[in-house]
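Worksheet: the structure to be examined is printed underneath.
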Amino acid sequence: MSELYIRVAEDENEEPMEIPSEDDGTVLLSSVAAQFPGACGLRYRNPESQCMRGVRLVEGVLHAPESDWGNLVYVVNYPKDNKRKMEEIDAASAVKVKRGYQKTSDLIVLGLPWKTTEQDLKEYFTTFGEVIMVQIKRDANTGNSKGFGFVRFTEYETQVKVISQRHMIDGRWCDCKLPNSKAFPDEPMRSRKIFVGRCTEDMTPDELRQYFMQYGEVTDVFIPKPFRAFAFVTFADDQVAQALCGEDLIIKGVSVHISNAEPKHNNINQLFRTLPGGSASLAAMFYRSQYHV
DNA sequence: GTTGAGCGTT
């Protein structure tokens, strides 16, 4: 048997990947699944009939249609394909529904005494309702408080109440507001990739994958090295990715912010951001001006 | 070791 690899793709139009065959010319389903997680078989287009044909599968072993696999590109089968898609749509709409009715978001707490700790904050705000995250911003070197922090409640009603009044915390009046820096609003493209901001250094790719799996199939996790406090997560389904954009999610007790991943080649974004007063929206305006003149 | 309007190490 001369064929050492067969060509397999997710879709007829996708770029195929070479999958190793066994000595006897068969291909193990596990070899396919190693590259295409969840795969349960293969099919191919019969050159004569132009119809799709299934590849024979016996006890986890895929058998060549003829004496060998030929030069065809094989396409991966997934179990209950429709069901899987439905689940992802459900996950996406569940997130959307959550947004539709009063989604909570992090609140910035301004004016905190230098001495106030996260525990103090939690104790204080718990008198209003269940708290799911508190954070005090500190100097990276000294560990001193910067005098502000963030809090997140379970219930939207609690959030409304907390915003509506001033707070006496450890002897100082403090204000709670919706933060400005949700600053990545405009991003028209529908990507399967999300930007995960405010990651902490202890978050591993595996943990991120485990976490985001609840929303849909994760196809990639990328964490830049050295540590840059953000990550990219790619889903199989763009609907899942899009539904998450704008969310504040809590991973390992840390509030991360989800936004659209901007295309890699857009260094203009970087440029605009490093400019005084620069922002993503400035960059977006620049794009539009390019397209519309 | 100090301080008191702000915006979370994209």
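Order of the sequence lines sets the chain letters (A, B, ...), proteins ahead of strands, with each chain counted from 1. Given the structure is predicted, the values throughout are model-derived calculations rather than measurements.
- Remark: P of B:dG8 and CD1 of A:I250 are 18 Å apart, rounded to the nearest angstrom.
- Counting non-hydrogen atoms under 4.0 angstrom, A:G197 reaches nothing in the nucleic acid.
- With B:dC7, B:dT10, B:dA5 as the choices, the nucleotide that has an atom nearest any side-chain atom of A:P179 turns out to be B:dC7.
- Summary of the strand contacts: A:F230 and A:P113 both lie near DNA chain B, and taking for each the nucleotide with the nearest heavy atom, the more 5' one is attributed to A:P113.
- In this structure, CG of A:D139 is placed 12 Å from P of B:dT2, rounded to the nearest angstrom.
- Considering only heavy atoms from C-beta on, A:I258 comes within 4.5 Å of A:F212 through its side chain.
- In this structure, of B:dC7, B:dT10, B:dA5, it is B:dA5 that holds the atom nearest to the side chain of A:W114.
- Minimum atom distance to the side chain of A:K146 is reached by B:dG6, of the listed B:dT10, B:dG6, B:dG8.
- Among the heavy atoms of the strands, none lies under 4.0 Å from A:P226.
- Atom CZ of A:R138 sits in a crowded spot, with more than 12 heavy atoms from other residues, nucleotides or ligands closer than 6.0 Å.
- Protein atom CD1 of A:I194 is 16 Å distant from nucleotide atom P of B:dT10, rounded to whole Å.
- Across the protein-nucleic acid pair, A:K115 atom NZ and B:dG4 atom C1' stand 16 Å apart, rounded to whole Å.
- A salt bridge is defined here as a Lys NZ or Arg NE, NH1 or NH2 lying under 4.0 Å from an Asp or Glu carboxylate O, and A:D202 with A:K252 meets this definition.
- Counting only heavy atoms from C-beta on, A:N180 has its side chain closest to B:dC7 among B:dT10, B:dT3, B:dC7.
- Taking the 5.5 Å centre cut-off and the 30° plane limit, the aromatic side chain of A:F148 is not classed as stacked on B:dC7.
- Looking at the side chain of A:F227, the nearest of the listed nucleotides B:dG8, B:dT3, B:dT9 is B:dT9.
- For B:dG8, the base has a donor-acceptor partner in the side chain of A:D106 [N/O atoms by modelled type, under 3.5 angstrom].
- At whole-Å resolution of the value, CG in A:L178 and C1' in B:dG8 are 14 Å apart.
- Nearer the 5' end of DNA chain B, as judged by each residue's closest nucleotide, is the contact made by A:N144, out of A:L110 and A:N144.
- The distance between atom CD of A:E201 and atom C1' of B:dT10, rounded to the nearest whole Å, is 15 Å.
- Cation-pi geometry between A:K137 and A:F148 is not met at under 6.0 angstrom from the ring centre and within 45 degrees of the axis.
- If you check the side chains of A:Q135 and A:D106, you find no donor sitting under 3.5 Å from an acceptor.
- For the pair A:I136 CD1 and B:dC7 C1', the interatomic distance rounds to 15 Å; values are reported in whole Å.
- Spacing between atom CZ of A:R138 and atom P of B:dG4 amounts to 20 Å, rounded to whole angstrom units.
- Residue A:K137 has a polar side-chain atom (N or O) positioned under 4.0 Å from OP1 or OP2 of B:dT9.
- Between the CG atom in A:L29 and the SG atom in A:C40 there is a gap of 7.5 Å [rounded to 0.5 Å].
- Among the heavy atoms of the strands lying under 4.0 Å from A:L112 is at least one base atom, whether or not backbone atoms are also near.
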